[in-house]
Visitor: 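The structure under discussion is supplied below as structure tokens; questions concerning it will follow.
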Amino acid sequence: MAAISGHCTFRSHQFPLSFTVPVASSSSFYGEALRSSSISFASSPSVHRSLISCQASSAASPPSSSVNGTEKGGMKDFLHISDFDKATIMKILDRAAEVKAQLKSGDRSFAPFKGKTMAMIFAKPSMRTRVSFETGFFLLGGHAIYLGPDDIQMGKREETRDVARVLSRYNDIIMARVFGHQDILDLAKFSSVPVINGLTDYNHPCQIMADALTIIEHIGQLEGTKVVYVGDGNNIVHSWLLLASVVPFHFVCACPKGFEPDKETVEKAQKAGISKIEITNDPKEAVKDADVVYSDVWASMGQKEEAAHRRQVFQGFQVDEALMKIAGPKAYFMHCLPAERGVEVTDGVIEAPNSIVFPQAENRMHAQNAIMLHALGL
């Protein structure tokens, strides 16, 4: 057993955490955090287990000191989509579309980040996250500094609270892509500048903001659409659930038994009463009349030793041409990448005309630019 303590905020309610949980049972951390608050939730079937993502997963309670994000002298952290209200989320997405259009036109006169620097902490490597953040910040006039897994060794070579306070004195904003969700919470707690969650084992808010932007571009709106995720109940699913607690749409997660998303996150989304939320073990039934069918790798970073086992357990959950046919001709296919073609999705589905995987990948940059503009109050 390992003691975990911290200070979390749930919307406008703050509560201290101090409890003991097994290190391997990350989802129990989330559950204890919510149970220690005065908030009650409806029950929803799930199991406690170590979760993974579009690159791994582990649960932690999403904090927030206000419905519009943690205030830092007019600036805000971006840690969980549910830290913000619907109006703010839609405003950020509208801004993303505007700045994207300007960049695509070839106009480089908009440079709000001129004279500003961003520290990018990568405990977990990534192509899309690094290139989209670094390029996006540069295109809007700023300078991004890459700090790889061996540059800081946050929490090992130097305490997270010290890293946060030092980098805050050098930079205007911090982006971090880490394993444990507590690391991003600690960074935000001790940083005096905005902190952007570039991915944790619990959630991936920048990815889902890019996904929402892509859906709006191709369907015309996010509200009222049916998004069906097929695969492991990981941090991508958690992010979709947190979005569904703010913006109304129909979200379905089809996953094998024992691989459901974190129970308390499901209950949070259902309790919000904003969206229709379904967790099922039947992908064929789930995808009927879907506007979007979404997939992710079955075994992510830190879970590769489970790959062979997961391939057996996840039989029947591959997104192939037959499954997309059940979804119907209007259904788009999305994937957060990287994809293991021939495993969770067939090559034919990724390359099909209704695949919007690569516009989705491009929108990481545009959504993140808008998130950073909002965080910096620009």
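Everything quoted here is computed from the prediction, not taken from an experiment. Basis for what follows: all heavy atoms, side chains included, without hydrogens, waters or symmetry-related copies. Sequence positions, counted from 1, serve as the residue numbers for this chain.
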Visitor: Can a donor-acceptor pair be found, under 3.5 Å and without considering hydrogens, that links the side chain of Gln221 to the backbone of Ile216?
Guide: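 A pair under 3.5 Å: no.
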
Visitor: Let me check something: any side-chain donor-acceptor pairs from residues 147-156 under 3.5 Å, sequence neighbours excluded? List them with distances.
Guide:
unit_1: Asp151; atom_1: OD2; unit_2: Gly148; atom_2: N; d: 2.5

Visitor: Under the criterion salt bridge (Lys or Arg N to Asp or Glu O under 4.0 Å), I'd like the reasoning laid out for Glu344 against Arg310: C-alpha separation, chi angles, the key distance, then a yes or no.
Guide: CA-CA 10 Å; Glu344 78 275 1; Arg310 285 172 176 267; over 6 Å; no

Visitor: If you round to the nearest 0.5 Å, how far is CG of Leu241 from OH of Tyr229?
Guide: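 With rounding to 0.5 Å, OH (Tyr229) is 11.0 Å from CG (Leu241).
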
Visitor: Run the side-chain contact (heavy atoms from CB on, under 4.5 Å) check on Val313 and Phe259 step by step: do they pass?
Guide: CA-CA 10 Å; Val313 175; Phe259 291 87; 3.4 Å; yes

Visitor: Nearest 0.5 Å please: distance from the CD1 atom of Ile236 over to the NE2 atom of His204.
Guide: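 Ile236 CD1 to His204 NE2: 5.0 Å, rounded to 0.5 Å.
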
Visitor: Look up atom CG in Leu187 and atom CD1 in Ile184, then write down how far apart they are to the nearest 0.5 Å.
Guide: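 The CG atom of Leu187 sits 5.5 Å away from the CD1 atom of Ile184.
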
Visitor: Not counting sequence neighbours, which residues clear side chain to side chain contact (heavy atoms under 4.5 Å, CB included) with Asp291? List them please.
Guide: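 Here the qualifying residues are Ile219, Thr225, Lys226, Lys330.
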
Visitor: If you measure only the distance, is there a donor-acceptor pair under 3.5 Å linking the side chains of Asn363 and Thr214?
Guide: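 Side-chain D/A pair, Asn363 to Thr214: present.
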
Visitor: Tell me whether Glu264 is salt-bridged to Lys271, with the criterion being a basic N under 4.0 Å from an acidic carboxylate O.
Guide: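 No, no charged N to carboxylate O under 4.0 Å.
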
Visitor: By side chain to side chain contact (heavy atoms under 4.5 Å, CB included), which residues pair with Ala361, not counting sequence neighbours?
Guide: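 Counting only residues at least two positions away or on another chain, Ala361 forms a side chain to side chain contact (heavy atoms under 4.5 Å, CB included) with Arg128, Leu337.
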
Visitor: Go through the structure and list residues passing side-chain hydrogen bond (donor to acceptor under 3.5 Å, both in side chains) with Arg341, not counting sequence neighbours.
Guide: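 Arg341: side-chain hydrogen bond (donor to acceptor under 3.5 Å, both in side chains) contacts with Asp347, Glu351.
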
Visitor: Within the distance-only criterion (no hydrogens, no angle test), does the side chain of Asn203 pair as donor or acceptor with the backbone N or O of Pro205 below 3.5 angstrom?
Guide: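 Not a single qualifying donor-acceptor pair exists.
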
Visitor: Consider only side-chain N and O atoms of Asp282 and Thr280, and report whether a donor and an acceptor are under 3.5 Å apart.
Guide: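 Not at all, the side chains of Asp282 and Thr280 share no donor-acceptor pair under 3.5 Å.
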
Visitor: Determine whether a donor-acceptor pair (N or O, by modelled atom type, separation under 3.5 Å) exists between the side chain of Glu260 and the backbone of Cys255.
Guide: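 Between the backbone of Cys255 and the side chain of Glu260 there is no qualifying donor-acceptor contact (under 3.5 Å).
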
Visitor: Could you list the residues that satisfy side-chain hydrogen bond (donor to acceptor under 3.5 Å, both in side chains) with Asp162, not counting sequence neighbours?
Guide: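 Listed in chain order: Arg165.
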
Visitor: Pair Glu306, Trp298 - check side-chain contact (heavy atoms from CB on, under 4.5 Å), show working.
Guide: CA-CA 9 Å; Glu306 300 180 19; Trp298 293 341; over 6 Å; no

Visitor: With no hydrogens and no angle check, is any side-chain donor or acceptor of Asn197 less than 3.5 Å from a backbone partner on Phe78?
Guide: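 A pair under 3.5 Å: no.
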
Visitor: Side chains of Gln368 and Arg364: any donor to acceptor distance under 3.5 Å?
Guide: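 Looking only at side-chain atoms, Gln368 and Arg364 do form a donor-acceptor pair, the distance falling under 3.5 Å.
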
Visitor: Does the pair Val343 and Val297 meet the rule for a side-chain contact (heavy atoms from CB on, under 4.5 Å), with working shown?
Guide: CA-CA 8 Å; Val343 181; Val297 291; over 6 Å; no

Visitor: Any sub-3.5 Å donor-acceptor pair from Asn354's side-chain atoms to Ala331's backbone N or O?
Guide: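 Checking the backbone N and O of Ala331 against the side chain of Asn354, a donor-acceptor pair under 3.5 Å is found.
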
Visitor: Just by modelled atom types, is the Tyr202 backbone N or O under 3.5 Å from a matching donor or acceptor in the His238 side chain?
Guide: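 Confirmed, His238 side chain pairs with Tyr202 backbone.
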
Visitor: Is it the case that the side chain of Ser132 and the backbone of Met365 share a donor-acceptor pair, with hydrogens and angles ignored and the cut-off at 3.5 Å?
Guide: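 No, Ser132 side chain to Met365 backbone: no donor-acceptor pair under 3.5 Å.
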
Visitor: Which distance, rounded to the nearest 0.5 Å, do you find between the CE of Met120 and the OG of Ser126?
Guide: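 With rounding to 0.5 Å, CE (Met120) is 10.0 Å from OG (Ser126).
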
Visitor: Do the side-chain N and O atoms of Asp83 and His80 include a donor-acceptor pair separated by under 3.5 angstrom?
Guide: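 His80 and Asp83 do have a side-chain donor-acceptor pair below 3.5 Å.
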
Visitor: Under a plain distance cut-off of 3.5 Å, with no hydrogens placed, do His250 and Glu278 share a side-chain donor-acceptor pair?
Guide: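 Side-chain D/A pair, Glu278 to His250: present.
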
Visitor: Between atom CD1 of Ile208 and atom CD1 of Ile81, what is the distance when rounded to the nearest 0.5 Å?
Guide: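 Result: 6.0 Å between the selected atoms.
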
Visitor: Does Phe138 have its ring centroid less than 6.0 Å away from the ring centroid of Phe113?
Guide: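 Between Phe113 and Phe138, which both carry aromatic rings, the centre distance is not below 6.0 Å.
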
Visitor: What residues form a side-chain hydrogen bond (donor to acceptor under 3.5 Å, both in side chains) with Glu158, not counting sequence neighbours?
Guide: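 Testing Glu158 for side-chain hydrogen bond (donor to acceptor under 3.5 Å, both in side chains), a comparison that skips the adjacent residues, returns none.
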
Visitor: Could you check whether any side-chain N or O of Lys72 sits under 3.5 Å from a backbone N or O of Ala188, counting only pairs where one atom can act as donor and the other as acceptor?
Guide: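 Present.
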
Visitor: Could you tell me if Thr88 and Asp85 have a donor-acceptor pair between their side chains, going purely by distance under 3.5 Å?
Guide: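 Note: Asp85 and Thr88 side chains meet the donor-acceptor criterion.
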
Visitor: Using the ring of Tyr146 (Phe, Tyr or Trp, six-membered ring only), decide whether Arg130 places NZ or CZ under 6.0 Å from its centre and within 45 degrees of its axis.
Guide: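 Positive - Arg130 is close enough to the ring of Tyr146 and near enough to its axis.
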
Visitor: Check the side chains of Asn234 and Asp296 for a donor-acceptor pair under 3.5 angstrom, ignoring hydrogens and angles.
Guide: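 Present: a donor and an acceptor within the cut-off.
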
Visitor: Can we call the ring centroids of Tyr294 and Phe333 under 6.0 Å apart?
Guide: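 No: the rings miss the under 6.0 Å criterion.
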
Visitor: Salt bridge check, Lys100 against Glu217: does any charged N sit closer than 4.0 Å to a carboxylate O?
Guide: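 Counted as a salt bridge, because a side-chain N and a carboxylate O are separated by less than 4.0 Å.
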
Visitor: Do Leu199 and Thr129 come close enough that some side-chain heavy atom pair is under 4.5 Å?
Guide: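 Counting from C-beta outward, Leu199 and Thr129 never come under 4.5 Å.
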
Visitor: With no hydrogens and no angle check, just 3.5 Å: does a side-chain donor-acceptor pair link Ser239 and Gln207?
Guide: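 Gln207 and Ser239 do not have a side-chain donor-acceptor pair below 3.5 Å.
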
Visitor: Hey, is the main chain of Ala269 close enough, under 3.5 Å, to the side chain of Ser245 for a donor-acceptor pair?
Guide: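 Between the backbone of Ala269 and the side chain of Ser245 there is no qualifying donor-acceptor contact (under 3.5 Å).
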
Visitor: For the atom pair CE (Met334) and NE2 (His218), what is the distance rounded to the nearest 0.5 Å?
Guide: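 Going from the CE atom of Met334 to the NE2 atom of His218 covers 8.5 Å.
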
Visitor: Do the side chain of Asn171 and the main chain of Ile174 share a donor and acceptor less than 3.5 angstrom apart?
Guide: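 It does not hold such a pair.
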
